[in-house]
Engineer: 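Can you keep this structure in mind? I'll have questions shortly.
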Amino acid sequence: MTLRLYNTLTNQEEDFTPLDPTGKRVTFYSCGPTVYDYAHIGNFRSFLNADVLRRTLELVGYEVVHVMNMTDVGHMTDDDIADGAGEDKMQVAATRLLEAKKSGNLPQDASDIDPTDPYAVADFYADAFVDDARRLGLKLIHEADERPELMPRPTRYIEPMIQLVKTLIENDHAYLADDGVVYFSVQSFPAYGRLSGNSPDKIRSGEGGRVNEATQAVKKHPADFMLWKPDPSHVMKWPSPWGEGYPGWHLECSVMAMALLGAETDGVIDLHSGGEDNIFPHHECEIAQTCGATGQSHFARYWFHTRFLIVEGEKMSKSKGNFYTLRDLLAKGASPAAIRLELIKTHYRSQANFTFQGLTDSQRQIDRWSRLHDWLHKNSAAPLDEPGPLTTALPAFKAALCADLNVSGAIGTLNEAASRHDTSAQPPAATGAHTYADELRALNAMDSVLGVLDLQHQASLAQSDLDVSQIELLIARRNTARTAKDWAAADRLRDELLEMGIAIKDGPNGTTWSPVVSS
RNA sequence: GGCCGAGUACCCAAGUGGACUAAGGGGACGGAUUGCAAAUCCGUUAUUCAUGGGUUCGAAUCCCAUCUCGGCCUCCA
């Protein structure tokens, strides 16, 4: 089945075919997090969509080499290209950690880090990101346990960055300006603007309100962007032919993608993903740098961008109080599986609205799929006269994903099939050659892309963090009261559990419980 | 000012010219079940797709205009 994907480069949906002559291997680079702070759920929507794309590629039979960087070079808070004004971001992070340490608010796992060491700060947030990403089921994280090079760190690629800058100067794509900074010359690269539509003649310098007048003057064109800035005062700095300083922030992706994925293809890779804000300037500049050095017509052949997430109908911002990290949501009792589903269920090219209602919806959805999974597992030996509904629906599920990752459509086909199984009853009598194990396989194939059932299973194991014995004691006392028909006492115990954040359900096979999510 | 998206039921969200008398989930309502709830199971819930025109035998889907919302135009996923 051919995957159709929207390519930002051409502004249209295209058939996806990899560069690999055998048509099997796909090279995929994702712009990952900056590690100056905890990643928020908007970041994770982008990373999760990349994960869904990667899993879809695998479902249809490709072998994916997926790389995601973790940006640990300390950029500036007002990082306009020329000047790097403002504070060093790594310095800001360090100060934040130092203050937290003084006030005793430092997270448990950070109590022994040295906030004055920028590498330690970066490591701290990088580790936090890996933990978060693991909880949300990013497949890449598990691979990176064995192959850490799949999650490269720019600070370990400074030398090839310097090499790239040298090459660009030799090719007349870059120049050393009067302020000592090396800039890329956008006018030397006619394709500049192809990805974003912001060609040099269309760019209104300073329209975004963030450029520095003084630095614009030394550049040949206002859109020229920094490749190397000498600055001995920067927290993270390295020697270079242009003085001690730091690299331009677009450089890392070009260098690491070429080194890890494009070594045998002259720096050309199949797929590159990021958030919509990466289109310009970040990815535009990556293309210019990379192609300027390789002479190839393409850097990535397909560009995949996820739209922004808004929260409760509004742009997410700290001042509105709707800014959430994964940790914030977990603290409110949301499960990683529900968060994952909530973040992937809206088409990646639509703006998604994250809501607590949606989180509840997603959790219920997952509970139903889990119940179906358990039921199929329990009855896996039972025969079916014909291929079951999930088995029959699997091609339609794949087809939906192949239509530019129509996750909602795919979930629709799954639900339609799922509703044809009555999980509250025994499987109907049959004698055919098919079995419920086939149905289970189909469900698992679908979940290999959605990636929620394993997370849900892990979460139910992790509930042992709660005081289970206390909960079970209260439930036992309540059931004793119920047997004695002491309804008042039973209801009091139920309320008590609810106050602890535990909802209980009396089923035909006894009482079960689950944590309540609060908004 | 330039470029790019979006507006489908109470909410989330598919569908992008003909099997649409518009998927799926949540909610709500009715029924089964229950000490009462919750959960579960069954059923019902948009003659209509922001608005106004147009193209067409046929439009939620194409075109034009209008309104509304969002993003990018050198911090940002």
Side-chain angles (χ1 to χ4, degrees), chain A residues 8 11 30-34 36 39-50 75-82 85-86 89 193 196-199 201-212 215-216 222-226 249-250 273-282 284-285 305-310 313-316 341-342 345-347 349-355 357-365 367-368 371 400 403 406-416 418-419 422-425 482 485-487 490-491 494 498 503-508 511-514:
Chain A
T8 311
N11 281 320
S30 290
C31 278
T34 50
Y36 318 126
H40 57 70
I41 54 173
N43 301 130
F44 278 115
R45 165 144 127 114
S46 167
F47 306 144
L48 284 171
N49 275 134
H75 294 303
M76 302 312 235
T77 50
D78 301 327
D79 209 354
D80 82 61
I81 291 306
K89 284 185 178 171
S196 62
N198 290 330
S199 54
D201 59 311
K202 283 190 190 150
I203 290 173
R204 293 184 24 151
S205 176
E207 194 64 41
R210 292 186 208 114
V211 288
N212 178 309
T215 60
Q216 293 297 31
D224 287 355
F225 56 92
M226 174 193 129
W249 69 290
H250 314 300
S273 75
E276 60 172 324
D277 57 317
N278 282 154
I279 296 171
F280 190 89
H282 187 50
E284 193 71 65
C285 294
H305 293 103
T306 295
R307 282 204 166 279
F308 271 139
L309 180 76
I310 60 173
E314 290 194 277
K315 191 173 175 175
M316 180 165 59
L341 184 61
E342 177 67 5
K345 73 185 183 188
T346 303
H347 188 82
R349 283 193 293 114
S350 297
Q351 181 174 276
N353 186 13
F354 182 95
T355 62
Q357 176 65 55
L359 211 47
T360 311
D361 292 358
S362 294
Q363 185 62 63
R364 288 175 158 255
Q365 178 74 84
D367 289 345
R368 292 202 345 179
R371 210 158 32 231
N406 184 353
V407 174
S408 295
I411 290 173
T413 65
L414 161 52
N415 278 327
E416 225 162 339
S419 67
D422 182 358
T423 57
S424 65
R482 289 174 69 212
K485 296 194 190 294
D486 183 356
W487 309 129
D491 290 354
R494 181 166 62 198
L498 206 54
I504 55 177
K505 301 151 198 172
D506 299 325
T511 303
T512 57
W513 58 273
S514 61

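In this text, all values refer to a predicted model and were calculated from it rather than measured experimentally. Labels below follow one simple rule: chain letters A, B, ... track the order of the sequence lines, proteins then strands, and each chain is numbered from 1.
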Engineer: Is the shortest heavy-atom distance from the side chain of A/Thr355 to the side chain of A/Glu342 under 4.5 Å?
Structural biologist: yes
Engineer: With sequence neighbours left out, what residues match A/Asp277 under side chain to side chain contact (heavy atoms under 4.5 Å, CB included)?
Structural biologist: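 Applying side chain to side chain contact (heavy atoms under 4.5 Å, CB included) to A/Asp277 gives A/Phe308.
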Engineer: Which part of the nucleic acid, if any, lies within contact of A/Arg494, taking any heavy atom under 4.0 Å across all strands shown: a base, the sugar-phosphate backbone alone, or nothing?
Structural biologist: base
Engineer: Considering only B/rC73, B/rC76, B/rC41, which nucleotide approaches the side chain of A/Asn198 most closely?
Structural biologist: B/rC73
Engineer: From B/rU74, B/rC36, B/rC72, pick the nucleotide closest to the side chain of A/Ala223?
Structural biologist: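 Between B/rU74, B/rC36, B/rC72, the one nearest the side chain of A/Ala223 would be B/rU74.
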Engineer: With rounding to whole Å, what would you report as the distance between B/rC63 and B/rG17 at their C1' atoms?
Structural biologist: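 Comparing C1' positions in B/rC63 and B/rG17 gives a spacing of 13 Å.
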Engineer: Measuring only the P atom in each nucleotide, how far is B/rU45 from B/rC64? A whole number of Å is fine.
Structural biologist: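 Going atom to atom, P in each nucleotide, I get 37 Å.
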Engineer: Salt bridge check, A/Arg364 against A/Asp361: does any charged N sit closer than 4.0 Å to a carboxylate O?
Structural biologist: no
Engineer: Rounding to the closest angstrom, what is the interatomic distance between B/rA39 and B/rC20 at atom C1'?
Structural biologist: 35 Å
Engineer: Donor-acceptor pair under 3.5 Å: do we get one between A/Asp486's side chain and the base of B/rG35?
Structural biologist: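 Flag unset: no donor-acceptor pair detected.
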Engineer: P atom, B/rC73 versus B/rC57: distance in rounded Å?
Structural biologist: 46 Å
Engineer: Is A/Thr306 touching bases, backbone alone, or none of the nucleic acid, heavy atoms closer than 4.0 Å?
Structural biologist: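 The answer is nothing, as A/Thr306 stays clear of every strand by at least 4.0 Å.
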Engineer: Using the C1' atom on both, measure B/rG58 against B/rU16 and round to a whole Å.
Structural biologist: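 Result for the C1' pair: 15 Å, nearest Å.
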Engineer: If I pick the C1' atom on B/rU21 and the same atom on B/rA46, what distance separates them, to the nearest angstrom?
Structural biologist: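 Pairwise C1' distance, B/rA46 against B/rU21, rounds to 12 Å.
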Engineer: Quick one: look up who B/rC57 pairs with, Watson-Crick or G-U, both distances under 3.5 Å, and put none if it's unpaired.
Structural biologist: B/rG18
Engineer: Heavy atoms, side chains only, cut-off 4.5 Å: are A/Thr423 and A/Arg368 in contact?
Structural biologist: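 Answer no - side chains too far apart.
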Engineer: Determine if A/Phe44 stacks with B/rA77; use a centre-to-centre distance below 5.5 Å and an interplanar angle below 30° as the criteria.
Structural biologist: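 Stacking between A/Phe44 and B/rA77: absent.
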Engineer: Have a look at A/Asn11 and say if it touches a base, only the backbone sugar-phosphate, or nothing, with a 4.0 Å heavy-atom cut-off.
Structural biologist: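 Here A/Asn11 touches no strand at all.
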Engineer: Do the side chains of A/His250 and A/Pro281 get nearer than 4.5 Å, heavy atoms only?
Structural biologist: yes
Engineer: Taking OP1 and OP2 of B/rG70, is either one under 4.0 Å from a side-chain nitrogen or oxygen of A/Lys315?
Structural biologist: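 Answer is no, no contact under 4.0 Å.
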Engineer: Under a 3.5 Å cut-off for both distances, is B/rG70 Watson-Crick or wobble paired, and to whom?
Structural biologist: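 By the stated definition (distances under 3.5 Å), B/rC4 pairs with B/rG70.
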Engineer: With both distances under 3.5 Å as the test, what is the Watson-Crick or G-U wobble partner of B/rA28?
Structural biologist: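 Check on B/rA28: paired to B/rU44, both distances under 3.5 Å.
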Engineer: Just by distance, with hydrogens left out, do A/Ser408 and A/Lys345 show a side-chain donor and acceptor under 3.5 Å apart?
Structural biologist: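 The answer is no; no qualifying pair exists.
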Engineer: Between A/His282 and A/Trp249, how do the two ring planes meet: parallel, tilted or perpendicular, split at 30° and 60°?
Structural biologist: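 Plane angle under 30°, so parallel.
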Engineer: Can you check each nucleotide of nucleotides 8-25 of chain B against protein heavy atoms at under 4.0 Å and return B for base, S for sugar-phosphate only, - for none, in 5' to 3' order?
Structural biologist: ----SSSS-------BSB
Engineer: Determine the interatomic distance between C1' on B/rG1 and the same-named atom on B/rU61; round to the nearest Å.
Structural biologist: 32 Å
Engineer: What nucleic acid atoms does A/Leu414 come within less than 4.0 Å of, heavy atoms only: base, sugar-phosphate, or nothing?
Structural biologist: nothing
Engineer: Rounding to an integer number of angstrom, what distance separates B/rC49 and B/rA59 when you compare their P atoms?
Structural biologist: 12 Å
Engineer: Check whether any side-chain nitrogen or oxygen of A/Arg371 sits under 4.0 Å from OP1 or OP2 of B/rU40, and answer yes or no.
Structural biologist: yes
Engineer: To the nearest Å, give me how far apart NE2 (A/His282) and C1' (B/rC73) are.
Structural biologist: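 Going from A/His282 (NE2) to B/rC73 (C1'), I get 17 Å.
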Engineer: Across all strands, who's sitting opposite B/rC36 as a Watson-Crick or G-U wobble pair, both distances under 3.5 Å?
Structural biologist: none
